[in-house]
Amino acid sequence: MVGMSGEVELRRSLRRRLIELGINPYPHAPKGGVVPVREVVRSPVPDSTVSVAGRVVGIRRHGGLVFFDLVDDGCRIQCSVSRGEVSRELFDFFDEFVDLGDFVYVAGRLYYTKRGELTVAVSDLQLLAKALRSPPVKWGHRILDPEVRYRKRYLDIMVTPQIRRIFEIRFRTIEEIRKFMWERGYVEVETPVLQPIYGGAAARPFKTYVEALEEEWYLRISLELYLKRFIIAGFNKVFEIGKNFRNEDIDVEHNPEFTMMESYEAYADYNDIMRLTEELVGTVARRVLGTDVVEYPVKGEPVEINLSPPYRRVSLYDAFREFAGVDIESLPDDEIKEYLSRYSIRLPGGYERGRAVVKLFDRIVGREYLIQPTFVTDFPKSSSPLAKPHRSRPDLAERFELYIGGVELANAYTELNDPELQASYFREEEERRRLGDLEAHPFDWDFVEALEHGMPPTGGLGLGIDRLVMVYTGTDSIKEVIPFPMVKPREFEQKRVWG
RNA sequence: GGGCCCGUAGCUCAGCCAGGCAGAGCGGCGGGCUUUUAACCCGUAGGUCCCGGGUUCGAAUCCCGGCGGGCCCGCCA
């Protein structure tokens, strides 16, 4: 047993000894009321007595005087224990039983040290939870191994305030999006995650099996088709914030499980939705960050981005002309095919002009040039089987995508509400599936039947929350803004001896 | 799916190219220290060198296979 994982063994023996001494190392509650450290720090009253609780993240011993740092809900305060000011029992207890990582309750007088730091002169102390492992790095420093950071995100958040800040922004963003939508009269609804037919996007789904029905079902790849059923049902303005699941590869912009906000509004079109979207992105930024100017890394260099509306609107064909110098609209199919092979783009399901154009747009224009917020509008009709054809351009659909920092943040349509046209689009998708496009949209009879009951003219929006948070936080990897990103589970032997 | 790189103490890493006793700093533990805050000073413990196989008198080091991770490219948002 000599040399068995030293720290944990040592601390487990402390835990045992505490129990032997009749001291519960995991009491049910602090012995006195606690005030959040944040409040103490916000308006400190020197010489007043405070009682606070938190995790011990630093200990500096000076013989008869010990300074230690407490972190409570992300907020740090220094405490001191002086041999001359407390009972021998208290001082020895701290010395012997309190380690980095432990939660403690302390009460004492507030004062400023010689160096001017606000400090609690501890006069009472209680161990609230014994940690058997100490934090891997000192508080305020960064864990550098990305594998540890993503697998044990709680440590990453625990010890690095900048990481915690990213998630504070994430969850405040979701909160403010809700408020923004509620303020505008949208009703927050819920739709099924498990679906018999997936739809609303081009993606491969996760499959699951429903024992009660003895059927294979799917995890949703979007919220779209059920939210439209709410519009059909007579709710005029609905939204949902929820997880989508797409069985695709993982990279800096994609996680198989990600968060979307989708909204649908009766009697609106994609122009209304553009105004809604830019208002939302700008307003939420101001409310969460206090500013609508952010910095985002583009090719490693921070670029200032202004999120205040209005955003630029440019049609997809015009964007091609402006940024790529190509009039792709009037390019013959042969030359488009040449471009495809030059950029080694394969089209599953065979060549189709509209889809080819969109792929080329993603490859050549999107990430490269659309840094300041830009709505790219009017996509080829065949690439958008759930969007309504353009009111004056029969070859296009009333669709837009929002790009910021080269990242695609949103996708929106004037929604298709003609059931016959929807059915024929679904048939085309089915044909493409037969030709090998695994991401083609499956035919959803139940949805077409719902449309047959009549859906008012509707504008809809899908907004990628993770990517919005990336823009807000100046982060260029989606893993940084997802609390627990998908990582392969790892087999490991726990090094411990029971007893 | 294709390519490149990485895996050694709790953490950060050196050692690998050119095979020969398993190393440093931080952290831990013990001691000292009553105003520090990455405290300081002295001492000390701590290892499945990612896993498996091969070459060799001898492998952290060379070779093969695997696992895990990162980045780039292709694709979905």
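All of these numbers come straight from a predicted model, not from anything done at the bench. Proteins come first, then strands; the chains are lettered A, B, ... in the order of their sequence lines, and each starts at number 1.
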Is a side-chain donor-acceptor pair under 3.5 Å present for [Y] with [X]?
{"X": "A:Tyr186", "Y": "A:Glu188", "answer": "no"}
{"X": "A:Gln195", "Y": "A:Tyr226", "answer": "no"}
{"X": "A:Tyr150", "Y": "A:Asp145", "answer": "no"}

Does [X] make a side-chain N or O approach to OP1 or OP2 of [N] shorter than 4.0 Å?
{"X": "A:Arg61", "N": "B:A39", "value": "no"}
{"X": "A:Lys138", "N": "B:A39", "value": "yes"}
{"X": "A:Lys359", "N": "B:G74", "value": "no"}
{"X": "A:Arg115", "N": "B:U37", "value": "yes"}
{"X": "A:Arg363", "N": "B:G74", "value": "yes"}

Looking for any heavy atom pair under 4.0 Å, which part of the strands does [X] touch: base, sugar-phosphate only, or nothing?
{"X": "A:Phe258", "answer": "base"}
{"X": "A:Gly462", "answer": "nothing"}
{"X": "A:Gln78", "answer": "base"}
{"X": "A:Asp69", "answer": "nothing"}
{"X": "A:Asp145", "answer": "sugar-phosphate"}
{"X": "A:Asn411", "answer": "nothing"}
{"X": "A:Asp437", "answer": "nothing"}
{"X": "A:Glu401", "answer": "nothing"}

[X] has an atom [atom1]; how far is it from atom [atom2] of [N], in whole Å?
{"X": "A:Glu248", "N": "B:G1", "atom1": "CD", "atom2": "C1'", "answer": "13 Å"}
{"X": "A:Leu118", "N": "B:U36", "atom1": "CG", "atom2": "P", "answer": "16 Å"}
{"X": "A:Arg133", "N": "B:G27", "atom1": "CZ", "atom2": "P", "answer": "21 Å"}
{"X": "A:Glu85", "N": "B:U34", "atom1": "CD", "atom2": "C1'", "answer": "10 Å"}
{"X": "A:Lys114", "N": "B:U35", "atom1": "NZ", "atom2": "C1'", "answer": "5 Å"}
{"X": "A:Leu100", "N": "B:C11", "atom1": "CG", "atom2": "C1'", "answer": "13 Å"}
{"X": "A:Arg60", "N": "B:C40", "atom1": "CZ", "atom2": "P", "answer": "11 Å"}
{"X": "A:Phe67", "N": "B:A38", "atom1": "CZ", "atom2": "C1'", "answer": "16 Å"}

Would you indicate which nucleotide in [options] comes nearest to any side-chain atom of [X]?
{"X": "A:Asp251", "options": "B:U37, B:C71, B:C75", "result": "B:C75"}
{"X": "A:His62", "options": "B:G70, B:G1, B:U34", "result": "B:U34"}
{"X": "A:Thr113", "options": "B:A38, B:U36, B:U34", "result": "B:U36"}
{"X": "A:Thr119", "options": "B:U36, B:G70, B:U12", "result": "B:U36"}

Pairwise [atom1] distance, [M] and [N] [rounded to whole Å]:
{"N": "B:A38", "M": "B:U56", "atom1": "C1'", "result": "46 Å"}
{"N": "B:A59", "M": "B:C64", "atom1": "C1'", "result": "15 Å"}
{"N": "B:C75", "M": "B:C13", "atom1": "C1'", "result": "37 Å"}
{"N": "B:A9", "M": "B:G46", "atom1": "C1'", "result": "6 Å"}
{"N": "B:C50", "M": "B:G7", "atom1": "P", "result": "8 Å"}
{"N": "B:C63", "M": "B:C6", "atom1": "P", "result": "12 Å"}
{"N": "B:U34", "M": "B:C40", "atom1": "C1'", "result": "14 Å"}
{"N": "B:G10", "M": "B:G32", "atom1": "P", "result": "28 Å"}

- prompt: Do A:Lys130 and A:Phe97 meet the cation-pi criteria used here (NZ or CZ under 6.0 Å from the six-membered ring centre, within 45° of the axis)?
  reply: no
message: A cation-pi test, strictly: NZ or CZ of A:Arg399 under 6.0 Å from the centre of the six-membered ring of A:Phe379 and no more than 45 degrees from its axis. Yes or no?
response: yes
- prompt: Do the side chains of A:Val358 and A:Pro380 get nearer than 4.5 Å, heavy atoms only?
  reply: yes
- prompt: Is A:Asp99 side chain donor-acceptor paired with the B:G28 base, going by distance under 3.5 Å alone?
  reply: no
- prompt: Hey, which of these two, A:Met486 or A:Glu117, hits RNA chain B nearer its 5' end, going by closest nucleotide?
  reply: A:Glu117
field: RNA chain B: 5'-proximal contact among A:Tyr150 and A:Arg142 (nearest heavy atom)
entry: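 Result: A:Arg142.
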- prompt: Taking everything shown except A:Glu190 itself, do over 12 heavy atoms lie less than 6.0 Å from its CD?
  reply: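 No.
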Complementary nucleotide for B:G46 - Watson-Crick or wobble, under 3.5 Å: none
field: Interatomic spacing from CD1 in A:Ile174 to CD1 in A:Ile169 - rounded to 0.5 Å
entry: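 With rounding to 0.5 Å, CD1 (A:Ile174) is 12.5 Å from CD1 (A:Ile169).
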